[in-house]
There are 2 protein chains.
Amino acid sequence: MSQVQSLRIESMCESARSHVDDLLVLLSKSKMLSILYIMNCDPTPMRFSEIKKRVDSSSTTVARRLGELETNGLVTRTAYATVPATVEYTLTKDAISLHPSLKSMFEWVLNRADKSL
Amino acid sequence: MSQVQSLRIESMCESARSHVDDLLVLLSKSKMLSILYIMNCDPTPMRFSEIKKRVDSSSTTVARRLGELETNGLVTRTAYATVPATVEYTLTKDAISLHPSLKSMFEWVLNRADKSL
DNA sequence: GGCACAGGTTACAACATTGTTACAAAAGAA
DNA sequence: TTCTTTTGTAACAATGTTGTAACCTGTGCC
(Lines give C-alpha, C1' and ligand atoms only; values in the text may rest on other atoms or scores of the structure.)
Protein backbone atom coordinates (compact mmCIF):
# COMPACT_ATOMS: atom_id res chain seq x y z
CA MET A 1 0.00 0.00 0.00
CA SER A 2 1.30 3.45 -0.85
CA GLN A 3 2.09 5.96 1.82
CA VAL A 4 -0.58 8.25 0.44
CA GLN A 5 -3.26 5.58 0.71
CA SER A 6 -2.12 4.65 4.16
CA LEU A 7 -2.35 8.25 5.25
CA ARG A 8 -5.77 8.65 3.72
CA ILE A 9 -7.10 5.62 5.53
CA GLU A 10 -5.53 6.76 8.74
CA SER A 11 -7.16 10.15 8.42
CA MET A 12 -10.49 8.44 7.68
CA CYS A 13 -10.11 6.46 10.87
CA GLU A 14 -9.22 9.62 12.72
CA SER A 15 -12.33 11.21 11.36
CA ALA A 16 -14.47 8.22 12.30
CA ARG A 17 -13.01 8.18 15.77
CA SER A 18 -13.73 11.84 16.21
CA HIS A 19 -17.34 11.28 15.15
CA VAL A 20 -17.60 8.50 17.70
CA ASP A 21 -16.13 10.77 20.35
CA ASP A 22 -18.54 13.55 19.39
CA LEU A 23 -21.48 11.21 19.83
CA LEU A 24 -20.18 9.97 23.17
CA VAL A 25 -19.70 13.55 24.33
CA LEU A 26 -23.26 14.30 23.23
CA LEU A 27 -24.70 11.30 25.05
CA SER A 28 -22.62 12.11 28.13
CA LYS A 29 -24.06 15.57 28.58
CA SER A 30 -26.10 16.05 31.71
CA LYS A 31 -29.68 14.74 31.49
CA MET A 32 -29.15 13.56 27.94
CA LEU A 33 -29.64 9.85 28.64
CA SER A 34 -32.64 10.68 30.82
CA ILE A 35 -34.27 12.75 28.11
CA LEU A 36 -33.75 10.05 25.50
CA TYR A 37 -35.00 7.37 27.87
CA ILE A 38 -38.08 9.33 28.92
CA MET A 39 -39.00 10.13 25.35
CA ASN A 40 -38.40 6.56 24.27
CA CYS A 41 -40.56 5.12 27.01
CA ASP A 42 -43.52 7.22 25.96
CA PRO A 43 -43.11 7.31 22.21
CA THR A 44 -45.69 10.01 21.48
CA PRO A 45 -44.83 13.61 20.69
CA MET A 46 -43.91 15.26 23.94
CA ARG A 47 -44.19 18.88 24.89
CA PHE A 48 -41.36 20.98 26.28
CA SER A 49 -42.98 21.45 29.67
CA GLU A 50 -43.65 17.74 30.00
CA ILE A 51 -40.03 16.85 29.27
CA LYS A 52 -38.82 19.53 31.63
CA LYS A 53 -41.09 18.23 34.39
CA ARG A 54 -40.00 14.64 33.93
CA VAL A 55 -36.25 15.23 33.84
CA ASP A 56 -36.49 17.81 36.60
CA SER A 57 -34.05 20.36 35.29
CA SER A 58 -33.99 24.04 34.37
CA SER A 59 -35.56 25.37 31.15
CA THR A 60 -32.13 26.42 30.01
CA THR A 61 -30.63 22.98 30.29
CA VAL A 62 -33.62 21.20 28.78
CA ALA A 63 -33.68 23.66 25.89
CA ARG A 64 -29.97 23.20 25.35
CA ARG A 65 -30.24 19.40 25.33
CA LEU A 66 -33.22 19.41 22.99
CA GLY A 67 -31.41 21.81 20.68
CA GLU A 68 -28.38 19.53 20.60
CA LEU A 69 -30.55 16.52 19.91
CA GLU A 70 -32.27 18.34 17.07
CA THR A 71 -28.95 19.47 15.61
CA ASN A 72 -27.80 15.88 15.66
CA GLY A 73 -30.95 14.58 14.03
CA LEU A 74 -32.22 12.71 17.05
CA VAL A 75 -35.38 14.72 17.66
CA THR A 76 -37.69 16.75 15.48
CA ARG A 77 -39.31 19.89 16.77
CA THR A 78 -42.79 20.89 15.67
CA ALA A 79 -44.31 24.20 16.71
CA TYR A 80 -48.06 24.83 16.54
CA ALA A 81 -49.47 28.33 16.35
CA THR A 82 -51.87 27.81 19.23
CA VAL A 83 -52.32 30.22 22.08
CA PRO A 84 -50.28 29.89 24.08
CA ALA A 85 -47.65 28.25 21.89
CA THR A 86 -47.43 24.49 21.72
CA VAL A 87 -44.23 22.73 20.76
CA GLU A 88 -43.87 19.02 20.35
CA TYR A 89 -40.71 16.99 20.27
CA THR A 90 -40.50 13.58 18.64
CA LEU A 91 -37.63 11.14 18.48
CA THR A 92 -36.38 10.33 15.02
CA LYS A 93 -36.09 6.74 13.82
CA ASP A 94 -32.39 6.81 14.63
CA ALA A 95 -33.05 7.79 18.22
CA ILE A 96 -35.77 5.17 18.53
CA SER A 97 -33.33 2.53 17.37
CA LEU A 98 -31.27 3.34 20.43
CA HIS A 99 -34.14 2.32 22.68
CA PRO A 100 -33.16 -1.32 23.35
CA SER A 101 -29.68 -0.32 24.54
CA LEU A 102 -31.06 2.54 26.55
CA LYS A 103 -33.72 0.38 28.13
CA SER A 104 -31.34 -2.31 29.25
CA MET A 105 -28.89 0.28 30.49
CA PHE A 106 -31.61 1.91 32.60
CA GLU A 107 -32.67 -1.49 33.91
CA TRP A 108 -29.11 -2.03 35.03
CA VAL A 109 -29.06 1.41 36.65
CA LEU A 110 -32.40 0.89 38.41
CA ASN A 111 -31.32 -2.52 39.60
CA ARG A 112 -28.08 -1.18 41.00
CA ALA A 113 -29.79 1.80 42.61
CA ASP A 114 -32.20 -0.60 44.33
CA LYS A 115 -29.39 -2.66 45.76
CA SER A 116 -27.65 0.38 47.23
CA LEU A 117 -30.65 1.28 49.43
CA MET B 1 -52.29 4.84 54.41
CA SER B 2 -51.02 7.05 57.19
CA GLN B 3 -49.27 10.27 56.45
CA VAL B 4 -46.15 8.92 58.10
CA GLN B 5 -46.08 5.87 55.83
CA SER B 6 -46.75 7.97 52.80
CA LEU B 7 -43.88 10.26 53.69
CA ARG B 8 -41.57 7.34 54.32
CA ILE B 9 -42.33 5.81 50.96
CA GLU B 10 -41.95 9.17 49.28
CA SER B 11 -38.56 9.64 50.87
CA MET B 12 -37.59 6.13 49.80
CA CYS B 13 -38.48 7.03 46.25
CA GLU B 14 -36.58 10.27 46.55
CA SER B 15 -33.63 8.29 47.77
CA ALA B 16 -33.94 5.75 44.95
CA ARG B 17 -34.24 8.52 42.41
CA SER B 18 -31.16 10.20 43.75
CA HIS B 19 -29.25 6.92 43.52
CA VAL B 20 -30.36 6.61 39.91
CA ASP B 21 -29.28 10.17 39.26
CA ASP B 22 -25.93 9.52 40.92
CA LEU B 23 -25.34 6.53 38.68
CA LEU B 24 -26.31 8.47 35.58
CA VAL B 25 -23.99 11.29 36.59
CA LEU B 26 -21.22 8.73 37.07
CA LEU B 27 -21.82 7.12 33.69
CA SER B 28 -22.03 10.53 32.03
CA LYS B 29 -18.59 11.65 33.14
CA SER B 30 -16.11 12.15 30.33
CA LYS B 31 -14.52 8.95 29.02
CA MET B 32 -16.51 6.82 31.46
CA LEU B 33 -18.48 4.90 28.86
CA SER B 34 -15.32 4.44 26.80
CA ILE B 35 -13.40 3.03 29.74
CA LEU B 36 -16.17 0.61 30.61
CA TYR B 37 -16.54 -0.43 26.99
CA ILE B 38 -12.82 -0.91 26.44
CA MET B 39 -12.46 -2.96 29.59
CA ASN B 40 -15.52 -5.01 28.77
CA CYS B 41 -14.33 -5.80 25.27
CA ASP B 42 -11.07 -7.22 26.56
CA PRO B 43 -12.14 -8.85 29.81
CA THR B 44 -8.69 -9.52 31.21
CA PRO B 45 -7.04 -7.45 33.93
CA MET B 46 -5.86 -4.26 32.30
CA ARG B 47 -3.02 -2.03 33.33
CA PHE B 48 -3.30 1.70 33.89
CA SER B 49 -1.09 2.61 30.96
CA GLU B 50 -3.04 0.35 28.62
CA ILE B 51 -6.35 1.94 29.59
CA LYS B 52 -4.86 5.39 29.29
CA LYS B 53 -3.51 4.62 25.83
CA ARG B 54 -6.81 3.21 24.60
CA VAL B 55 -9.06 6.00 25.85
CA ASP B 56 -6.52 8.63 24.86
CA SER B 57 -6.83 10.96 27.80
CA SER B 58 -4.59 12.46 30.48
CA SER B 59 -3.34 10.42 33.44
CA THR B 60 -5.28 12.67 35.73
CA THR B 61 -8.60 12.03 34.07
CA VAL B 62 -8.04 8.29 33.69
CA ALA B 63 -6.99 8.03 37.34
CA ARG B 64 -10.03 10.03 38.40
CA ARG B 65 -12.40 7.83 36.39
CA LEU B 66 -10.84 4.61 37.64
CA GLY B 67 -11.02 5.90 41.20
CA GLU B 68 -14.70 6.71 40.78
CA LEU B 69 -15.35 3.30 39.30
CA GLU B 70 -13.56 1.62 42.19
CA THR B 71 -15.49 3.70 44.75
CA ASN B 72 -18.69 2.59 43.09
CA GLY B 73 -17.72 -1.05 43.06
CA LEU B 74 -17.39 -1.33 39.31
CA VAL B 75 -13.68 -2.08 39.13
CA THR B 76 -11.18 -3.67 41.47
CA ARG B 77 -7.63 -2.43 41.66
CA THR B 78 -4.72 -4.78 42.31
CA ALA B 79 -1.22 -3.45 42.82
CA TYR B 80 1.83 -5.66 42.45
CA ALA B 81 5.10 -4.76 44.15
CA THR B 82 7.13 -5.07 40.99
CA VAL B 83 9.66 -2.51 39.82
CA PRO B 84 8.41 -0.37 38.39
CA ALA B 85 4.95 -0.71 39.94
CA THR B 86 2.31 -2.75 38.14
CA VAL B 87 -1.37 -2.11 38.74
CA GLU B 88 -4.18 -4.09 37.21
CA TYR B 89 -7.78 -3.09 36.94
CA THR B 90 -10.58 -5.60 36.58
CA LEU B 91 -14.28 -5.06 36.10
CA THR B 92 -16.51 -6.43 38.82
CA LYS B 93 -19.41 -8.77 38.03
CA ASP B 94 -21.77 -5.81 38.23
CA ALA B 95 -19.83 -3.90 35.60
CA ILE B 96 -19.61 -6.96 33.37
CA SER B 97 -23.38 -7.31 33.53
CA LEU B 98 -23.59 -3.91 31.89
CA HIS B 99 -21.75 -5.20 28.86
CA PRO B 100 -24.72 -6.14 26.64
CA SER B 101 -26.23 -2.66 26.97
CA LEU B 102 -22.88 -1.02 26.46
CA LYS B 103 -22.09 -3.15 23.46
CA SER B 104 -25.33 -2.39 21.68
CA MET B 105 -25.03 1.27 22.55
CA PHE B 106 -21.55 1.39 21.02
CA GLU B 107 -22.79 -0.45 17.96
CA TRP B 108 -25.40 2.25 17.56
CA VAL B 109 -22.75 4.95 18.01
CA LEU B 110 -20.35 3.33 15.53
CA ASN B 111 -23.14 2.86 13.03
CA ARG B 112 -24.19 6.48 13.30
CA ALA B 113 -20.61 7.73 13.12
CA ASP B 114 -20.14 5.72 9.92
CA LYS B 115 -23.18 7.26 8.32
CA SER B 116 -22.04 10.79 9.05
CA LEU B 117 -18.83 10.38 7.04
C1' DG C 1 -54.78 48.12 29.48
C1' DG C 2 -52.82 44.39 32.08
C1' DC C 3 -52.25 39.64 33.08
C1' DA C 4 -51.62 34.86 32.01
C1' DC C 5 -49.73 31.07 29.51
C1' DA C 6 -46.05 28.05 26.83
C1' DG C 7 -41.78 28.00 25.29
C1' DG C 8 -38.18 29.65 25.02
C1' DT C 9 -33.48 33.24 24.91
C1' DT C 10 -29.91 36.09 27.01
C1' DA C 11 -26.48 37.50 30.35
C1' DC C 12 -23.98 36.38 34.02
C1' DA C 13 -22.03 34.68 38.28
C1' DA C 14 -21.02 30.39 40.55
C1' DC C 15 -19.41 26.14 40.17
C1' DA C 16 -17.24 21.92 38.02
C1' DT C 17 -13.97 19.78 35.10
C1' DT C 18 -9.87 19.53 32.36
C1' DG C 19 -5.10 19.23 31.10
C1' DT C 20 -0.42 20.71 32.32
C1' DT C 21 3.41 20.71 35.08
C1' DA C 22 5.94 19.20 38.76
C1' DC C 23 6.70 15.79 41.84
C1' DA C 24 7.14 11.06 44.25
C1' DA C 25 8.49 6.12 45.27
C1' DA C 26 11.12 2.10 44.51
C1' DA C 27 14.88 -0.42 42.66
C1' DG C 28 17.52 -2.18 38.90
C1' DA C 29 20.70 -0.75 35.13
C1' DA C 30 24.53 2.06 33.27
C1' DT D 1 25.08 8.42 41.17
C1' DT D 2 21.91 9.30 38.01
C1' DC D 3 18.55 7.47 34.72
C1' DT D 4 14.54 4.85 33.81
C1' DT D 5 10.09 2.90 34.48
C1' DT D 6 4.99 2.74 36.12
C1' DT D 7 1.49 4.66 38.43
C1' DG D 8 -0.13 7.88 40.18
C1' DT D 9 -1.03 12.79 43.15
C1' DA D 10 -1.10 17.97 44.01
C1' DA D 11 -1.73 22.54 42.62
C1' DC D 12 -3.47 25.53 39.50
C1' DA D 13 -4.98 28.19 35.53
C1' DA D 14 -8.00 27.76 31.67
C1' DT D 15 -12.12 26.27 30.07
C1' DG D 16 -16.82 24.47 30.18
C1' DT D 17 -21.31 23.97 32.27
C1' DT D 18 -25.14 25.20 35.23
C1' DG D 19 -28.98 27.58 37.19
C1' DT D 20 -31.12 32.08 38.09
C1' DA D 21 -33.28 36.13 36.95
C1' DA D 22 -34.91 38.96 33.53
C1' DC D 23 -36.95 39.32 29.40
C1' DC D 24 -39.65 38.19 24.92
C1' DT D 25 -43.64 36.70 21.72
C1' DG D 26 -48.47 36.30 20.65
C1' DT D 27 -53.21 36.37 21.89
C1' DG D 28 -57.30 35.38 24.61
C1' DC D 29 -59.61 36.92 28.81
C1' DC D 30 -61.17 40.32 32.40
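So you know, we letter chains A, B, ... as the sequences are listed, proteins then strands, and number each from 1.
Here the nucleotide nearest the side chain of A63(B), chosen from dG26(D), dT27(D), dG8(D), is dG8(D). Which of dT18(C), dG19(C), dT5(D) sits closest to the side chain of R65(B) comes down to dT18(C). Closest contact between the side chain of S57(B) and the listed nucleotides dA27(C), dG19(D), dG19(C) involves dG19(C). When distances run from any side-chain atom of P84(B) to the nucleotides dA6(C), dG8(D), dT6(D), the shortest one goes to dT6(D).
At the heavy-atom level, Y80(B) lies nowhere under 4.0 Å from the strands shown. Residue-level contact check: K29(A) touches the backbone only, with heavy atoms under 4.0 Å from sugar-phosphate atoms and none from bases. In this structure, T82(A) reaches neither bases nor backbone, as no heavy-atom distance under 4.0 Å exists between it and the strands shown. Across all strands, T60(A) comes closer than 4.0 Å to base atoms (heavy-atom distances).
Scanning atom types as modelled, no donor and acceptor separated by under 3.5 angstrom connect the side chain of R64(B) and the base of dG8(D).
E50(B) has its CD atom 17 Å from the C1' atom of dG8(D), to the nearest Å. Atoms CD (E68(A)) and P (dG16(D)) sit 14 Å apart, rounded to a whole Å. Distance, E70(A) CD to dG7(C) P: 15 Å, rounded to whole Å. The interatomic distance linking E88(B) (CD) with dG8(D) (P) rounds to 12 Å, in whole Å. For the pair K52(B) NZ and dT18(C) P, the computed distance is 14 Å after rounding to whole Å. Atom CG in L66(A) sits roughly 11 Å away from atom C1' in dG8(C) (whole-Å rounding). In this structure, D21(B) places its CG atom 14 Å from P of dT18(D), rounding to the nearest Å. Atom NZ in K53(A) sits roughly 11 Å away from atom P in dA6(C) (whole-Å rounding).
Side-chain nitrogen and oxygen atoms of Y89(A) include at least one within less than 4.0 Å of the OP1 or OP2 phosphate oxygen of dG8(C). For S49(A), a side-chain nitrogen or oxygen approaches OP1 or OP2 of dG7(C) to under 4.0 Å. A close approach under 4.0 Å does occur between a side-chain nitrogen or oxygen of R47(B) and OP1 or OP2 of dT7(D). For dT17(C), the OP1/OP2 oxygens have no side-chain nitrogen or oxygen of S30(B) closer than 4.0 Å. For T86(A), no side-chain nitrogen or oxygen approaches OP1 or OP2 of dG7(C) to under 4.0 Å.
If you find the closest nucleotide of DNA chain D to K31(A) and to A85(A), the one lying nearer the 5' end belongs to K31(A).
Under the side-chain contact (heavy atoms from CB on, under 4.5 Å) test applied with R112(B), the options V20(A), D22(A), L74(A) reduce to a single match, L74(A). Between L33(A) and the choices L102(A), V109(A), L98(A), the side-chain contact (heavy atoms from CB on, under 4.5 Å) rule is met once, by L102(A).
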message: Would I38(A) and M46(A) count as a side-chain contact (heavy atoms from CB on, under 4.5 Å) here? Give the steps.
response: CA-CA 10 Å; I38(A) 284 163; M46(A) 201 173 284; 4.0 Å; yes
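Between R47(B) and E50(B) there is no salt bridge, since no side-chain nitrogen of the basic residue lies less than 4.0 Å from a carboxylate oxygen of the acidic one.
Using a 4.5 Å cut-off between side-chain heavy atoms of Ile, Leu, Val, Met, Phe, Trp and Tyr, with links allowed through other members, L36(B) and V25(A) fall into different hydrophobic clusters.
Pairs engaging residues 26-40 of chain B under the side-chain hydrogen bond (donor to acceptor under 3.5 Å, both in side chains) rule: S30(B)-R65(B) [sequence neighbours left out].
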